[in-house]
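Labels below follow one simple rule: chain letters A, B, ... track the order of the sequence lines, proteins then strands, and each chain is numbered from 1. The basis for the numbers below is simple: all heavy atoms, side chains too, and nothing from hydrogens, waters or symmetry mates. What you are looking at is a predicted structure, and each value in this text was computed from that prediction instead of being measured.
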Amino acid sequence: MPARGGAQLSRRLGQKKQRLLEAEQHQSPPDGAWTPSPREPSLGLPATPGPQRSIYFSSPQGRPARLGSEFFDQPAVSLARAFLGQVLVRQLDNGTELRGRIVETEAYLGPEDEAAHSRGGRQTPRNRSMFMEPGTLYVYLIYGMYFCMNVSSRGEGACVLLRALEPLGGLETMRQLRSTLRKGAAGRALRDRELCSGPSKLCQALAIDKSFDQRDLAKDKAVWLERGPPGPTEPAVVAAARVGIGHAGEWAHKPLRFYIQGSPWVSVVDRAAERDVQA
DNA sequence: TGGTCGATGGTCT
DNA sequence: GACCATCGACCAT
């Protein structure tokens, strides 16, 4: 593997350490920083089995909670930001609902974006869903063993990569899915922070694979997006360089990755970018 | 705790 | 045949 892979990971590990420290120090985060959302106690208890309340079609207020196609019909940068705070829901065949709040995304802008699979207008069988209507899932295999999940946005070949979730429900099922799919599955139990803190981790945790490619996030029965509960304050959003695209020249440095500042669920923290936070 | 590197196979040139 | 929007095991400190 290229040397940059190792260096990149090393940086990430260092940043993670800092983040853990910071998350533990911030019992009550300052305005604009991450605030915990309501969730089940994270005591490693299994998600409630059997029939579960579903807010598939309506919220407690009676208005539709599921985000429809109009939500996805916006430019990639705008959609990438709009995703933050919304809740991704995956319903398994047995009815179990896995839920996670989106805390980190990346925008891929289309033909002009040297880091996008659609760069130069390339359209192949693999990336066809990038060119389909906004809200279409683009799921592809990476490094021969992982999946990444994108959502098509407005704009030819433009999409948003989902990079990290704050797990909200079904954590034990996520842990099982992640452990089963990991190499050396007999290892220790994964911590909550390790469940969805990366684009392929979240695909494992939610059982998203190639069969989800070209599905419509606005209409699918097994996966959808719900409006996240509004917090007391608008979360501060960090715009940073995207991850793992060192080959893309100037495009590698553009601030097209977005994450909720201070969230301990983010995969990679960029301290330099955080000095220039846009709330 | 931090840094290195191998796994693995579809996709593209 | 090379590349790859990743991940985690392993080793040195």
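Using the Watson-Crick or G-U wobble rule with both distances under 3.5 Å, dA5(C) pairs with nothing in any strand shown. The partner of dT8(B) is absent, by the rule that a Watson-Crick or G-U pair needs both atom distances under 3.5 Å.
In this structure, Arg242(A) reaches neither bases nor backbone, as no heavy-atom distance under 4.0 Å exists between it and the strands shown. Nucleic acid contact class of Leu141(A) (heavy atoms, under 4.0 Å, all strands): sugar-phosphate only. If you check every strand for non-hydrogen atoms under 4.0 Å, Met149(A) touches nothing.
Distance from the side chain of Ser200(A) is smallest to dT6(C) among dT6(C), dA5(C), dT11(B). Of all nucleotides listed (dC12(B), dA7(B), dT6(C)), dC12(B) comes nearest to the side chain of Arg126(A). Nearest to the side-chain atoms of Lys210(A) among the listed nucleotides dA5(C), dC12(B), dT11(B) stands dT11(B). Among the nucleotides dA5(C), dC7(C), dT11(B), the one closest to the side chain of Lys201(A) is dC7(C). When distances are taken from the side chain of Arg178(A) to each of dA5(C), dC7(C), dA7(B), the shortest belongs to dC7(C). Nearest to the side chain of Arg122(A), among dT13(B), dC12(B), dA5(C), sits dT13(B).
Remark: ring of Tyr108(A) stacked against base of dA5(C); centroid gap under 5.5 Å, plane tilt under 30°. With centres under 5.5 Å and a plane angle under 30° as the test, the ring of Tyr146(A) is not stacked against the base of dT6(C).
Following rounding to the nearest Å, Leu190(A) (CG) and dC7(C) (C1') show an atom-to-atom distance of 11 Å. A straight line from OH of Tyr140(A) to P of dC12(B) spans 12 Å, rounded to a whole angstrom. One interatomic measurement links the two molecules: OH of Tyr143(A) to C1' of dC7(C), which rounds to 10 Å at whole-angstrom precision. Look at CZ on Phe147(A): it is 15 Å from C1' on dC4(C), rounded to the nearest Å. Nucleotide dC12(B) holds its C1' atom 12 Å from the CD1 atom of Ile142(A), rounded to whole Å.
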Next item on the list: Give the intermediate values and the outcome of salt bridge (charged side-chain N to carboxylate O under 4.0 Å, His left out) for residues Asp220(A) and Arg215(A).
Entry: CA-CA 7 Å; Asp220(A) 199 79; Arg215(A) 292 201 199 188; 3.0 Å; yes
Next item on the list: Begin from the C-alpha positions of Tyr259(A) and Glu274(A) and carry the test side chain to side chain donor-acceptor pair (under 3.5 Å) through to its verdict.
Entry: CA-CA 10 Å; Tyr259(A) 64 87; Glu274(A) 290 192 5; 2.7 Å; yes
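Not one side-chain nitrogen or oxygen of Thr124(A) sits closer than 4.0 Å to the OP1 or OP2 atom of dT11(B).
Between His117(A) and Tyr140(A), the distance separating the two ring centers is shorter than 6.0 angstrom.
A donor-acceptor distance shorter than 3.5 angstrom exists from the side chain of Arg175(A) to the backbone of Leu190(A), with no hydrogens or angles considered.
Between Arg163(A) and Glu106(A) there is a salt bridge, since a side-chain N of the basic residue sits under 4.0 Å from a carboxylate O of the acidic one.
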